[in-house]
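See structure below.
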Amino acid sequence: MTLEKPMPDKYNPHELEPKWQKYWQEIGLLRAAEGSGKKSYILVMFPYPSGDLHMGHLKNYTMGDVLARFRTQQGYSVLHPFGWDAFGLPAENAALKFGVSPADWTFGNIQQSKESLALMGIQYDWSREVTTCTPEYYKWNQWIFLKMYERGLAYRKKSYVNWDPVEQSVLANEQVIDGRGWRSGALVEKRELEQWYLKITDYAERLLQDLDKLPRWPEKVKAMQRAWIGKSTGAEFDFPVKGHEAKIRVFSTRPDTIFGATFMVLAPEHELVPTITTPEQKEAVEAYVAAARMKSEVERQREDREKTGVFTGAYAINPANGKEIPVWIADYVLAGYGTGAIMAVPGQDGRDWEFAERFGLEIVRTVEPPAGWQGQAYTEDGPAINSGFLDGLYVEEAKKKVIAWMEEKGIGQGKVNYRLRDWLISRQRYWGTPIPMIHCEACGIVPVPYEELPVVLPTLKDVEDIRPKGKSPLAAHPEFYEVDCPRCGRAARRDTDTMDTFIDSSWYFLRYTDAQNQQLPFDPQRANFWMPVDQYIGGVEHAILHLLYSRFFTKFLHDIGMLEAEEPFEGLFTQGMVQGWTDVGPVEVKDDQIRFLTPERRAKLDLPETLSVEEAKKSGAELRTHEDGSLHFWKPATMSKSLGNGVMVGPFVREQGADIARITILFAAPPENEMIWTEEGVQGAWRYLNRVWRRVAEDRAELERTSDRFESTALEGADKTLYQKLHQTLKKVGEDIEALRFNTAVAALMEFLNALYDYRKENGVSPVYRSAIRHYLQMLAPFAPHIAEELWHWFHDSSVFEARWPAVDEEALVADAFELVVQVSGKVRGKATVPAQASEDEIRRIAREIPNVQAHLEGKQVVKEIYVPGKLLNIVVKG
RNA sequence: GCCGGGAUGGCGGAAUCGGUAGACGCACUCGACUCAAAAUCGAGCGGUUAGCAGCCAUGGGGGUUCGAGUCCCCCUCCCGGCACCA
């Protein structure tokens, strides 16, 4: 198709697309302006600037662009901004690899990415572009950090932290997945370090509660956040240790089972371990503690983890019944959660049961299991037994009573615990925001005064200077860290760590509302106009990290009076990935078994070394013969640079066209599903847009001559049908876009195009037809803006996006006839077209005239009839 | 194990206030146009049937209902997340 000569009036995307892209720049389409009317803030997750983009990157941006254009047509003030999450490791790694500075590398990539976006016709308000690695942006990271410090929400703490040996830096809990660094994949080690934390735990309850105020968030994401926050309600109370002053404090969600606490378990790191361990047990305990410390997170979380532990020799007193119970240490109790110590109730807890069995400890049931209970620990509800004053009470009642008893006796109280930990934000890396703090020997920690912000990240001349060495690279640069103490004036030292780059993305959506502000991160008034974000679109991989941190920052900024909104994102949409056909490598087939000849891609895609032809087929894979005669294994896989299966934006748009790419993406599958980019899908999009083009181009002259004025109530026949279908489509497309059902919106457009062809075949160009074409272009515009703008300009002088989205004529939707479905005993036996105003009696008569219905009524007795007006008649028979 | 989401033609998917299952597209088949091909246009396209009628059909089993892809119960499988959090 690319070989054809361009003819006048032939759909030629390469010619018309650049023209309209330039035009939109000129007219300032999607330049955001605060107004007085309704607003719409459409946001896509900003990317790490990685250079050339492929269709996988472009899916969200295309979706956001459709929405932003649609809202513009509807007359909203629209904010559709873009920016770059530009700090972080890839820039450092690239610098080390190619010897360019991280800044040059980053800005080079930004330039390339921008070109891809422009080629797709995606319109942003570039005057609000945000790049997080610029001092103009990260100055405000430092400002917010100081505000948090003032409120006691930023603090320094020495603790065992997650150390990523590849990144040579610490990580936050959220960035450790299955015991590995989220980016490097390296096994995380534990190191005791003093670091900066943000007190997100102060917001745990609000972060949890307010999830209920987000109906337009996916249930999946809310569930993940709830689990991460991990609220549990119970009690915290003390067990005295025999022969010691010290008491062991425990947290339990089941204080009602206290009578069944037959032993206690401390985490190996628990501070009382050295104190209470008896001389006889000292050696064993110390060996166990040392071993536990050596174990990596992954080893401790192994699936088949068998319970291990050591007796300390000490005994505690169960405050409920005065029994002496042994105190053990074991690594199934975590130091970082609750108090790092538990009362073990094997009768009601599976883990404690397992431990008790293994070490021969006593088991006492305190909740009566149902009759015939064969299991081990019983964790469900039931009446209390062996529990003194709690006997007979069910779990909830028993909890209340025992907590009251504890409070009265002064040994404990009700308590809520969260799994969420404070956010560790120090990083020992170069390419990030310097932490605006000064360490003074005399004054201690002194914040950099606001007027001295930003603390500028120095440009390091030698690439070797930025190589991670286990300490911040900035610590090797006295010209950076040597500073006078702002308080006492004596020589002091700057903090040389940088901030976690997730700080940058925790508030960037606020900077867009006022990107040029020199006095503040943003002007509250402007932010209040735009916030909250009406529709946020991005990948589900940020369900916890970025989305939780952003909610935290928003709440904090609300609390200090910067913002009315308490939640940043009103609507959240997590889009599915784009897959491309991928050559996994050469294979040989023997006895129906496929064996891979090269391991790299097979391993990357998690495929087994051999699989049967049938299994391969089932999984959607194909075997293709290459030119050299070898057999290769192909399957769809998420587009990525490393697999080389990405369809690159630049070449595709230059060869085929942006609108074709957009329709391909939007129509192929529901946006939340993964989609497979195929040549056939592209063909379909091309065919569709050509059909649109021809429908308008073939009648161009006549359409130009025809007025589209007509009296809608006076229409008849084909005109009336077309008019009705138009308004049905308008309604459907509008609703579908708002619900982000782009695939069905495009389907409705295709359907209506078929109707336009049908009409035109039988009828001439009429006012109704002309009006339908005009509205068709308006509906097409958000999806395929270039072709729509081109065809629109054949009949109009201004942009299609300046024309208001047409109102649905509700009266036109009311048909004057409908197709009656006639069922006999619930099965469809016939259909008839009947006038809308037909009475029920008439309907019954008409239904009985249908021969096939008669046949099915023959010799049967009518029991009852159900009539659904405008739809169906069901005649129920007996015999 | 727990939590969230799914299972509909050869394929992507429509249809969920219970009311014609398979919109729209892809692939495929036949026909028209053409010297020919591409493009385009027309017809067909769940199974069974020569075709109609009929019957079967939305992962499986049961139920509610005049009527179930849609609601309820049980089960299987798939995807995603969490996983010794007391």
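In the text below, chain A, chain B and the rest are named by the order of the sequence lines, each starting its count at 1.
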Presence of A:His856 side-chain N/O under 4.0 Å of B:rG54 phosphate oxygens OP1/OP2: yes
Results of salt bridge (Lys or Arg N to Asp or Glu O under 4.0 Å) for A:Glu672 - residues two or more places apart only: none
Position toward the 5' end of RNA chain B (nearest nucleotide), A:Val540 or A:Trp228: A:Val540
Gap separating the NZ atom of A:Lys827 from the NE2 atom of A:His856, nearest 0.5 angstrom: 10.0 Å
Syn or anti conformation of B:rG59, syn meaning chi within 90° of 0: anti
Separation of B:rC82 C1' from A:Leu420 CG (nearest whole Å): 15 Å
Any residue of residues 846-853 of chain A with a heavy atom less than 4.0 Å from an atom of RNA chain B: A:Asn852
For the student: nearest non-hydrogen atoms of A:Gly336 and A:Arg421, plus distance: O-CZ, 3.5 Å
Non-hydrogen side-chain atoms of A:Trp677 and A:Ile665 separated by less than 4.5 Å: yes
4.5 Å side-chain heavy-atom contact, A:Ile325 and A:Phe239: yes
Geometric cation-pi criterion A:Arg694 and A:Tyr11, 6.0 Å radius, 45° cone: no
A:Ile676 versus A:Trp581, closest heavy-atom pair with distance: CG2-NE1, 4.0 Å
Short side-chain N/O contact to B:rG67 OP1/OP2 from A:Arg829, under 4.0 Å: no
Spacing of A:Met577 atom CE relative to B:rG80 atom P, expressed in whole Å: 13 Å
A:Tyr11 OH to B:rA39 P, straight-line distance once rounded to whole Å: 18 Å
Distance flag, aromatic centroids of A:Trp373 and A:Tyr378, threshold under 6.0 Å: yes
Validation: residues 352-359 of chain A side-chain donor-acceptor distances under 3.5 Å, sequence neighbours left out:
residue: A:Asp352; atom: OD1; partner: A:Tyr332; partner atom: OH; Å: 2.8
residue: A:Asp352; atom: OD2; partner: A:Val345; partner atom: N; Å: 2.9
residue: A:Trp353; atom: NE1; partner: A:Gln376; partner atom: OE1; Å: 3.4
residue: A:Arg358; atom: NH1; partner: A:Glu306; partner atom: OE2; Å: 3.3
residue: A:Arg358; atom: NH1; partner: A:Lys307; partner atom: O; Å: 2.6

Quick test: give all pairs of protein nitrogen or oxygen and nucleotides 63-66 of chain B nitrogen or oxygen below 3.5 Å, distance rounded to 0.1 Å.
residue: B:rC66; atom: OP1; partner: A:Lys864; partner atom: NZ; Å: 3.3
residue: B:rC66; atom: O2; partner: A:Asn874; partner atom: ND2; Å: 2.2

Whole-Å gap separating P (B:rG67) and NZ (A:Lys827): 11 Å
NZ/NE/NH1/NH2 to OD/OE distance under 4.0 Å, A:Glu735 and A:Arg741: no
Whole-Å gap separating P (B:rA86) and NZ (A:Lys399): 10 Å
Selected nucleotide, minimal atom distance to A:Arg687 side chain, candidates B:rA86, B:rA23, B:rA27: B:rA27
Could you go over nucleotides 12-18 of chain B and give all protein N or O partners under 3.5 Å, atom names and distances?
residue: B:rG12; atom: O2'; partner: A:Ala668; partner atom: O; Å: 2.4
residue: B:rG13; atom: OP1; partner: A:Asn673; partner atom: ND2; Å: 2.9

For atom CG of A:Leu689 and atom P of B:rC24, their distance in whole Å: 18 Å
Salt bridge present between A:Asp699 and A:Arg760 (N-O < 4.0 angstrom): yes
Touch class at under 4.0 angstrom, heavy-atom based, for A:Asn690 against every strand present: nothing
Under-4.0 Å side-chain N/O to phosphate OP1/OP2 contact, A:Arg691 with B:rC41: yes
Selection from B:rC24, B:rC84, B:rA86 that lies nearest to any side-chain heavy atom of A:Tyr337: B:rA86
Given B:rC41, B:rC84, B:rG19, the nucleotide with the shortest approach to the side chain of A:Arg694: B:rC41
Comparing A:Ala341 and A:Glu219 on RNA chain B - which has the more 5′ nearest nucleotide: A:Glu219
Residue pair A:Thr366, A:Gln348: steps toward the side chain to side chain donor-acceptor pair (under 3.5 Å) verdict: CA-CA 7 Å; A:Thr366 58; A:Gln348 267 69 236; 2.7 Å; yes
Stem regions touching RNA chain B, defined by at least 3 consecutive Watson-Crick or wobble G-U pairs below 3.5 angstrom: B:1-7 with B:76-82, B:10-12 with B:24-26, B:28-32 with B:40-44, B:46-48 with B:54-56, B:59-63 with B:71-75
Sugar-phosphate, base or nothing in reach of A:Glu819, heavy atoms under 4.0 Å: base
Touch class at under 4.0 angstrom, heavy-atom based, for A:Ser232 against every strand present: sugar-phosphate
Nucleotide B:rC24, atom C1' - distance to OH of A:Tyr757 in whole Å: 16 Å
Touch class at under 4.0 angstrom, heavy-atom based, for A:Val828 against every strand present: sugar-phosphate
Base B:rC3 to side chain A:Lys220, donor-acceptor N/O within 3.5 Å cut-off: no
A:Thr201/A:Asp422 under side chain to side chain donor-acceptor pair (under 3.5 Å): CA gap, chis, key distance, verdict: CA-CA 6 Å; A:Thr201 52; A:Asp422 281 339; 2.6 Å; yes
